[in-house]
Amino acid sequence: MSADLASLRDSLLQQIAAAATLDALETVRVDALGKKGSITALFATMGSLPPDQRKDAGAQFNNIKQLVTDALQARKGVLEQAALQTQLQAEAIDVTLPPMAIHTGSMHPIRQVLDEVINIFARLGFDVATGPDIEDDWHNFTALNIPPSHPARQMHDTFYMQGNAADGAPLVLRTHTSPVQIRTLMQQKPPLRMLAFGSTYRCDSDQTHTPMFHQIEGLVIEEGIHMGHLKGTLQAFLKAFFNLDAVPMRLRPSFFPFTEPSAEVDIACNRQGGRMEIGTGDDWLEILGCGMVHPNVLKNCGVDPSRYQGFAFGMGVERLAMLKYGMPDLRAFFASDLRWLQHYGFNMLDAAPIPGGAA
């Protein structure tokens with residue numbers, strides 16, 4: 001090997017050994033083996049050598065290339081191991097140090113209120129039922145005595161899905177949890193007491209409305225049921241939920257296609273001083289809708305309305321939470337703001353209370 005080749009070899013090996021970082025080592029590699037590197041340039045001279053010298057020169061060039069390649073690989077392994085050790089030391093945790101303050105998860109107010117309401121009605125003999133979020137037109141509208149011309153069927157109020165049900169009926173995101181009542185009545189004949197809850201969807205969004213919200217609905221179908229039973233049930237629920245000895249309540253005539261007669265339920269409140277106080281005062285606050293189940297709904301479910309009667313009621317979960325726990329804006333329920341959740345959230349290990357007022 002000529003002195004020039006030996007000098008190039010020794011110089012490259014020294015540079016490799018002196019490289020302190022992976023970036024510095026990469027620079028040496030490019031200078032030696034890159035397109036314009038010193039070893040690459042040696043191979044470019046092969047064509048200018050006499051034929052009888054090419055074999056020996058090629059062997060020497062390959063020998064230098066192999067030595068440099070092996071040295072690069074070995075040095076790279078050393079530097080990678082050193083970098084890993086440095087990273088591990090930087091990320092080491094001293095388990096003997098006191099723990100840092102951490103924020104634990106909490107129960108969302110919607111889940112908390114759902115559990116509270118379910119507990120109350122469970123003590124009143126209600127069973128819980130659920131149903132699909134995507135409903136067909138018959139369960140969501142027709143079976144509930146909602147006529148084809150009703151505004152609730154229009155696209156400005158209802159989310160219609162692409163495609164249709166097996167029978168060709170349109171599919172919608174359910175606008176209320178009432179279809180669960182229909183499905184339950186179709187599968188379970190009276191007498192029955194059921195509570196349905198879940199997400200519902202409507203084309204609406206402002207401070208007191210969101211496109212997706214949660215509802216709770218109750219249904220009782222038995223012989224001899226009348227409005228007095230409905231009123232007594234709601235009074236028991238409201239006293240238990242708000243943990244009050246009495247909640248003045250009035251039933252104001254209203255209209256729903258699936259109940260007759262229908263009513264809005266107002267409870268007494270006091271709005272003085274910028275605060276809302278439930279159960280006292282001369283003002284009234286609407287809280288839910290209710291009524292006696294329409295005979296057409298019973299007929300649609302195969303129930304004889306001359307023998308069985310019943311009542312139904314429905315309320316918004318977010319509205320209940322806002323009234324009980326003082327939340328001013330409905331949109332905050334869905335904003336995923338940890339500060340809001342930490343303020344209004346509940347301990348996940350605490351069971352929802354079972355108020356004595358429901359007994």
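FYI, side chains are in, hydrogens and waters are out, and symmetry mates aren't considered; it's all heavy atoms of this structure.
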Problem - Partners passing side-chain contact (heavy atoms from CB on, under 4.5 Å) against E264 (at least two apart in sequence or in another chain) - result: R252, S254, F256, E286
How about [X] and [Y]: do any of their side-chain heavy atoms sit closer than 4.5 Å?
X    : Y    : result
E135 : F141 : no
I118 : L195 : yes
F197 : V117 : no
L185 : L192 : yes
K239 : L244 : no
F241 : I120 : yes
T200 : T175 : no
I221 : Q309 : no

Practice task
Applying ring-ring contact (aromatic ring centres under 6.0 Å, His included) between H108 and each of F346, Y344, W340, report the one that passes.
Solution key: W340
Given 3.5 Å as the limit, does a donor-acceptor pair link the side chain of [X] with the main chain of [Y], or not?
X    : Y    : value
R193 : L124 : yes
N62  : G58  : yes
T259 : S262 : no
T40  : K36  : no
R183 : T130 : no

Side-chain H-bond candidate by donor/acceptor type, [X] with [Y], under 3.5 Å:
X    : Y    : result
H176 : Q215 : no
D10  : Q14  : no
Q89  : Q85  : no
S178 : E217 : yes
D56  : Q60  : yes
D137 : T142 : yes
Q15  : S11  : yes

Considering all heavy atoms, the nearest [X]-[Y] contact:
X    : Y    : answer
A20  : R75  : CA-NH2, 4.3 Å
L251 : K231 : CD1-CG, 4.4 Å
F313 : C290 : CB-CB, 3.7 Å
G310 : I225 : CA-CG2, 3.9 Å
A129 : M194 : CB-CE, 4.1 Å
F159 : P211 : CE1-O, 4.0 Å

Practice task
Hey, could you give me the CZ/NE2 distance between R111 and H214, rounded to the nearest 0.5 Å?
Solution key: 9.0 Å
Fill in the blank from the handout: Rounded to the nearest 0.5 angstrom, the NE2-CG distance for H343 and D337 is 11.5 Å
Single-linkage hydrophobic cluster [X]~[Y], side-chain heavy atoms < 4.5 angstrom:
X    : Y    : result
I216 : F334 : yes
Y201 : F213 : no
L12  : V78  : no
L338 : Y325 : yes
L67  : L33  : no

Practice task
Decide yes or no on side chain to side chain contact (heavy atoms under 4.5 Å, CB included) for M249 and L234, but give the supporting numbers first.
Solution key: CA-CA 9 Å; M249 180 183 80; L234 295 179; 4.1 Å; yes
Exercise for the section: Run the ring-centre check on F61 versus F43 and record whether the distance is less than 6.0 Å. Expected result: yes
Problem - More than 12 heavy atoms from other groups under 6.0 Å of CG on D245 - result: no
Practice task
Could you walk me through whether L219 and V180 pass side chain to side chain contact (heavy atoms under 4.5 Å, CB included), step by step?
Solution key: CA-CA 10 Å; L219 175 69; V180 182; over 6 Å; no
Between side-chain atoms of residues 272-284 and protein atoms elsewhere (two or more places apart, or another chain), which donor-acceptor pairs fall under 3.5 Å?
{"unit_1": "D283", "atom_1": "OD1", "unit_2": "R271", "atom_2": "NH1", "d": "3.3"}
{"unit_1": "D283", "atom_1": "OD2", "unit_2": "R271", "atom_2": "NH1", "d": "2.5"}

Handout entry: Stepwise side chain to side chain contact (heavy atoms under 4.5 Å, CB included) check, F242 with I287
Key = CA-CA 12 Å; F242 291 108; I287 192 169; 3.8 Å; yes
Exercise for the section: Kindly indicate, with the supporting measurements, whether the criterion side chain to side chain contact (heavy atoms under 4.5 Å, CB included) is fulfilled by T233 and V220. Expected result: CA-CA 10 Å; T233 300; V220 172; 5.8 Å; no
Show the atom names and distances, to 0.1 Å, of all donor-acceptor pairs under 3.5 Å that link a side chain in residues 291-305 to residues at least two apart or in another chain.
{"unit_1": "H294", "atom_1": "ND1", "unit_2": "N296", "atom_2": "N", "d": "3.0"}
{"unit_1": "N296", "atom_1": "ND2", "unit_2": "N145", "atom_2": "OD1", "d": "3.2"}
{"unit_1": "N300", "atom_1": "ND2", "unit_2": "A143", "atom_2": "O", "d": "3.1"}
{"unit_1": "N300", "atom_1": "ND2", "unit_2": "N296", "atom_2": "O", "d": "3.1"}
{"unit_1": "D304", "atom_1": "OD1", "unit_2": "S306", "atom_2": "N", "d": "3.0"}
{"unit_1": "D304", "atom_1": "OD1", "unit_2": "S306", "atom_2": "OG", "d": "2.6"}
{"unit_1": "D304", "atom_1": "OD2", "unit_2": "S306", "atom_2": "OG", "d": "3.0"}

Practice task
Answer yes or no: is there an ion pair linking K76 with E26, defined by an N-O contact shorter than 4.0 Å?
Solution key: no
